[in-house]
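I have placed the structure first, in the form of structure tokens, so that the comments after it can refer back to it.
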Amino acid sequence: MDCTLSEGRKTQCWMIVVKAEPKHKMGPWCPHNVVDPITSGGMMFIKQQIVPIDGPFVKNVATFFSDPKWSLYDPKTGAIKVTDSKQACEMAARPDVASQYNNYCVECLASYMGPDFHTRYLIPVQPAKAKSKQNPDGFSGYGVAFNGVKFDIAAPIGAILGAHTLAPVDACGGHVNPHVGYHYHAALGCSQAYPSAASHAAIVGVAIDGYLIYTRENADGREPDDLDECRGHEFADLGYHYHANLAAENDILHCLKGERGCALAGNQSQCDFSHRGPPGPPRR
Ligand SMILES: [Zn+2]
Ligand SMILES: [Zn+2]
């Protein structure tokens, strides 16, 4: 269909319509008691580290962050405060966390979105370089994995921890917010991957500017050494494409080099680049 990209180029776009939840298993995210093992929790990407979020981590969290204001559990029962409703999720799963949800482990369920919820993406069929580096907006993200899950921008870890909340992702690097449903903050191999050129990484999705996203590592187990500031490069017949980042870095790419499309908000039929995404608080 016709579309207009971020710098005004008029071209043809695919419209990709995806549901709030993937085909693969989601969660777990928050442990519910301080004795719960890692099999009942997820992980967070903090200071370039993958931090497992199990019960003992929550028990020790004030020490971990050297901050006595952390208190996520009942010392008598060990029960951890976990958001348990759509309303709690909406109030807690945003960077300006409602004060009554400070000191919570935040998890939202895809079922809160309802069975008909979907997100529509407009992505150029023929990608082309933009005049200047493009920053994705929090609603559109970096792109879409081949299983239909959004590759989101970095989780706002500073705001999450600043409100003394935890917002774990599962073993696939994903969790749910009330705006797009389930989305990834890392590329951990849970989507289909298609082989590309011999020895080069596999393709796992398409960026919102139409260039393809590959796994981080080539067949030799190493990341290409000529990636640009956005994590892209040109390679032989493959043309320009990106390589996903290490999960611990909490940023699947860093920016986009092509003129980008968008995720459409509400009843929109075209991208609106006059502001950054639809109104409302920034997304987790
Ligand atoms: Zn490459
Ligand atoms: Zn998120």
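Everything numeric in this text was worked out from a predicted model, so none of it was measured. Just so you know, ligand 1 is whichever comes first in the structure, and atom 1 is the first atom listed for that ligand.
- Within His243, NE2 is the N, O or S atom that lies nearest to the Zn ion (ligand 1).
- For His200 atom NE2 and His241 atom NE2, the angle they make at the Zn ion (ligand 1) is roughly 110°, to 10 degrees.
- No other N/O/S atom of His185 lies as close to the Zn ion (ligand 2) as NE2 does.
- For His175, the N, O or S atom with the smallest separation from the Zn ion (ligand 2) is NE2.
- Residues Glu234 and Lys129 are paired through a salt bridge, judged by an N-O separation under 4.0 Å between the basic side chain and the carboxylate.
- If you check the gamma sulfurs of Cys105 and Cys30, they are less than 2.5 Å from each other.
- Residues Met44 and Phe65 fall within the same hydrophobic cluster, defined by Ile, Leu, Val, Met, Phe, Trp and Tyr side chains chained together at heavy-atom separations under 4.5 Å.
- Contact of the Asn218 side chain with the Ser199 side chain is not registered, since no non-hydrogen atoms from C-beta on lie closer than 4.5 Å.
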